[in-house]
Protein chains: 2
Amino acid sequence: MPKWLKGIGPESDIVISSRIRMARNIESIPFPHYLNEEKSQNIIDKVYTTISSGNLSLKNDFSLIKMKESDVVDRLNYVEKHLISPALARNTLGGAVLINKEETISIMINEEDHIRIQCLLPGLQLDKCLDIGDKIDDLLEENIKYTFDEQLGYLTSCPTNVGTGIRASVMVHLPALSLIGYINGVFHIASKIGLAVRGIYGEGTQYLGNIYQISNQVTLGASEEELVNNLQNVTLQIIQNERTARENLLKTKSIELEDKVFRSYGTLKQARLLSSNEAMQLISDVKLGVNLELIKEVSTEKLNELIAIIQPGYLQKYFKSELTGIERDIKRAQLVRESL
Amino acid sequence: MPKWLKGIGPESDIVISSRIRMARNIESIPFPHYLNEEKSQNIIDKVYTTISSGNLSLKNDFSLIKMKESDVVDRLNYVEKHLISPALARNTLGGAVLINKEETISIMINEEDHIRIQCLLPGLQLDKCLDIGDKIDDLLEENIKYTFDEQLGYLTSCPTNVGTGIRASVMVHLPALSLIGYINGVFHIASKIGLAVRGIYGEGTQYLGNIYQISNQVTLGASEEELVNNLQNVTLQIIQNERTARENLLKTKSIELEDKVFRSYGTLKQARLLSSNEAMQLISDVKLGVNLELIKEVSTEKLNELIAIIQPGYLQKYFKSELTGIERDIKRAQLVRESL
């Protein structure tokens with residue numbers, strides 16, 4: 001279980017995790033989708049050597065995983081743990097990733113860009129993520145010459161990443177704002193100030209379990225710090241709104257709220273068939289109940305763990321076999337019951 | 001808790017209770033709705049004296065309850081326990097009932113007819129009910145002259161009861177036939193052979209919790225024994241059909257069925273708000289789960305008890321106060337949780 005799910009950080013009752021991702025490319029080498037296997041391998045070697053020979057305190061913590069050597073279940077599991085992107089999982093020719101033991105840092109190689117440094121921590125810790133990301137970035141730069149334009153900044157495969165190449169995001173659980181229907185207001189304000197709101201598995205995925213990823217859209221025209229601070233401030237504002245909404249719900253709809261969270265708890269504990277969508281919604285309800293101290297026998301850590309457990313990749317890795325949809329629903333319900 | 005709910009009898013997995021009710025009227029006295037308080041009281045005295053001075057082994061077990069001396073919650077509670085009819089509960093001028101300790105026998109006085117003898121036992125025990133009813137009937141006849149016509153039989157206030165004056169009924173739990181949609185077939189066949197199907201609280205009430213009351217429509221042109229045997233045989237047939245339906249469900253939809261009954265169990269154990277309609281449906285699901293040995297930690301008796309516990313009259317009697325709808329839903333959920 002990665003630290004960002006298992007662990008607890010600042011504002012953990014609402015912010016599940018913080019993430020910084022930096023896109024970098026190597027000078028004079030075409031972007032990854034133009035590369036053959038050999039040239040892709042050269043980049044992997046270069047990054048791996050740089051990390052493992054540099055003066056990083058964590059340097060011995062990293063493992064190199066090549067997509068072509070991982071089976072489909074493992075790759076799906078890395079995606080679910082947010083350690084690699086679906087795009088990297090598909091690059092079984094030259095895609096690879098370096099992951100540290102705690103699974104807080106992943107360095108994707110030959111995704112859309114040559115290098116994508118990612119740092120992921122539990123709770124609201126964008127500054128710390130940025131700090132770790134910068135350290136890795138500096139180390140790589142000792143040995144690798146990035147494509148960099150004085151005017152534009154870092155050049156990237158997709159123009160939306162040009163500039164700082166940075167994407168900062170927070171994964172927030174907003175059940176009360178969702179319940180009272182104010183979540184669209186949050187989306188509206190976020191989009192006005194250059195932030196995007198996505199589901200737990202990125203663009204195009206549903207808003208499962210009232211969990212939302214909020215990230216900067218703009219990478220150009222502001223410093224790394226400014227971009228990160230902007231997201232940090234908006235997140236603090238959203239946290240405040242969610243807390244107020246929770247308090248109001250408790251004041252005005254106390255028994256209905258209690259009923260809802262306990263019913264979901266009962267279903268999680270007893271169901272024999274659970275789809276991942278339904279499970280996410282039930283976990284969301286129970287998380288709210290735990291945060292409001294209505295449900296006392298379950299921890300937030302346990303519930304974050306459940307979010308990972310119910311994913312198809314995790315289930316198949318756990319049960320060591322590829323499973324059909326109905327088999328997954330049965331095994332998912334079984335694992336959730338055992339876990340609770 | 002009356003014995004018919006608490007106890008277990010033959011075929012208890014499907015038949016909750018059996019009931020025989022005999023309608024009798026006293027010669028030369030107008031039917032109850034024409035009587036004033038004094039004349040109604042005369043009838044109460046006559047019946048009470050006859051029962052308590054006769055040679056019935058149970059004669060000291062009976063209590064006399066007058067409707068005018070009972071509050072609305074108590075009367076509602078008697079109706080829910082099937083010891084009196086809603087019509088008797090409304091006759092606060094001259095209505096009364098004699099009930100034995102076990103609550104298996106009730107003798108309603110000044111309902112639609114002067115006297116209605118009722119015997120109610122757990123499981124399929126129509127013969128035994130008839131036997132007990134006949135004993136009470138014989139005893140009353142020693143002291144009371146019934147209106148009786150050589151051609152027609154016992155005369156009653158409503159012509160549909162003329163003849164034997166007998167109504168036999170069984171309360172059956174048919175979740176599998178309901179689930180697979182064959183229940184309308186059962187209704188159709190029943191009506192063809194002179195049987196009526198009603199909800200748990202009689203005519204016009206909904207089919208709550210897949211519980212059905214099946215009773216003879218006809219009281220004329222056949223002997224008591226024939227009427228009772230007819231119902232007995234049809235009930236045995238329905239039991240067989242329900243068992244087959246349960247087996248088929250277990251064979252073909254095992255996991256879906258298991259999921260359904262356990263979800264209902266989880267909701268019963270955790271909900272903070274429960275309407276009586278929803279509670280009945282959930283109890284029905286759990287009963288099925290218990291009968292099929294999917295759920296092992298709950299007994300059929302406990303579930304029959306729950307059916308009584310969740311009724312508005314019982315709740316208000318238990319909590320010793322008149323409760324609003326939402327208060328009942330809260331207290332109902334609380335009692336069910338404590339009970340499970």
Side-chain angles (χ1 to χ4, degrees), chain A residues 179 249-250 252-279 281-290 292-298 303 306 310 315 323-340, chain B residues 179 249-250 252-279 281-290 292-298 303 306 310 315 323-340:
Chain A
L179 208 61
L249 276 177
L250 259 191
T252 57
K253 301 253 179 208
S254 171
I255 186 71
E256 289 88 349
L257 189 65
E258 217 181 313
D259 185 54
K260 184 180 170 67
V261 304
F262 274 101
R263 280 172 182 253
S264 295
Y265 185 43
T267 304
L268 272 184
K269 290 221 293 190
Q270 296 290 349
R272 262 57 183 170
L273 284 175
L274 272 180
S275 72
S276 57
N277 286 13
E278 187 192 8
Q281 187 54 52
L282 297 171
I283 293 169
S284 168
D285 294 343
V286 177
K287 256 175 96 75
L288 178 62
V290 169
L292 294 175
E293 295 180 1
L294 298 170
I295 300 176
K296 300 207 171 75
E297 70 241 48
V298 191
L303 292 167
L306 278 188
I310 62 167
L315 284 175
L323 302 168
T324 63
I326 182 101
E327 285 168 347
R328 283 204 299 272
D329 289 354
I330 294 171
K331 295 290 188 189
R332 180 179 292 117
Q334 180 192 329
L335 260 192
V336 168
R337 285 201 309 282
E338 286 167 6
S339 173
L340 287 173
Chain B
L179 208 61
L249 275 177
L250 259 191
T252 57
K253 301 251 178 210
S254 170
I255 186 70
E256 288 88 350
L257 190 64
E258 217 182 313
D259 185 53
K260 184 180 169 67
V261 304
F262 274 101
R263 279 173 182 251
S264 295
Y265 185 42
T267 304
L268 271 184
K269 290 220 294 188
Q270 296 290 349
R272 262 58 184 170
L273 284 174
L274 272 180
S275 71
S276 56
N277 286 14
E278 187 192 7
Q281 186 53 52
L282 296 171
I283 293 168
S284 168
D285 293 343
V286 176
K287 256 176 96 73
L288 178 61
V290 169
L292 293 175
E293 295 181 0
L294 298 170
I295 299 177
K296 299 206 171 76
E297 69 241 50
V298 191
L303 291 168
L306 278 189
I310 61 167
L315 284 177
L323 302 169
T324 64
I326 182 100
E327 285 168 346
R328 283 204 300 272
D329 289 355
I330 294 171
K331 296 290 188 190
R332 180 178 294 116
Q334 180 191 328
L335 259 191
V336 168
R337 284 201 309 282
E338 286 167 5
S339 173
L340 287 173

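Proteins come first, then strands; the chains are lettered A, B, ... in the order of their sequence lines, and each starts at number 1.
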Inset, instruction - Could you grab the distance from atom CD of E256(A) to atom CZ of R272(B), nearest 0.5 Å is fine? - result: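 These two atoms lie 14.0 Å from each other.
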Inset, instruction - Indicate yes or no: does E258(A) engage R337(B) in a salt bridge with an N to O separation below 4.0 Å. - result: no
Legend entry - I255(A) versus chain B, the contacting section by heavy-atom distance below 4.5 Å: both
Legend entry - Residues, nucleotides or ligands: over 12 heavy atoms within 6.0 Å of E293(A) CD: no
Legend entry - For the student: nearest non-hydrogen atoms of L273(A) and D259(B), plus distance: N-OD1, 2.8 Å
Inset, instruction - Considering non-hydrogen atoms only, spot the tightest contact between Q270(A) and G266(B) and give its length. - result: CG-CA, 3.4 Å
Legend entry - Minimum side-chain heavy-atom gap K269(A)-K269(B) below 4.5 Å: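 K269(A) does not reach K269(B) side chain to side chain.
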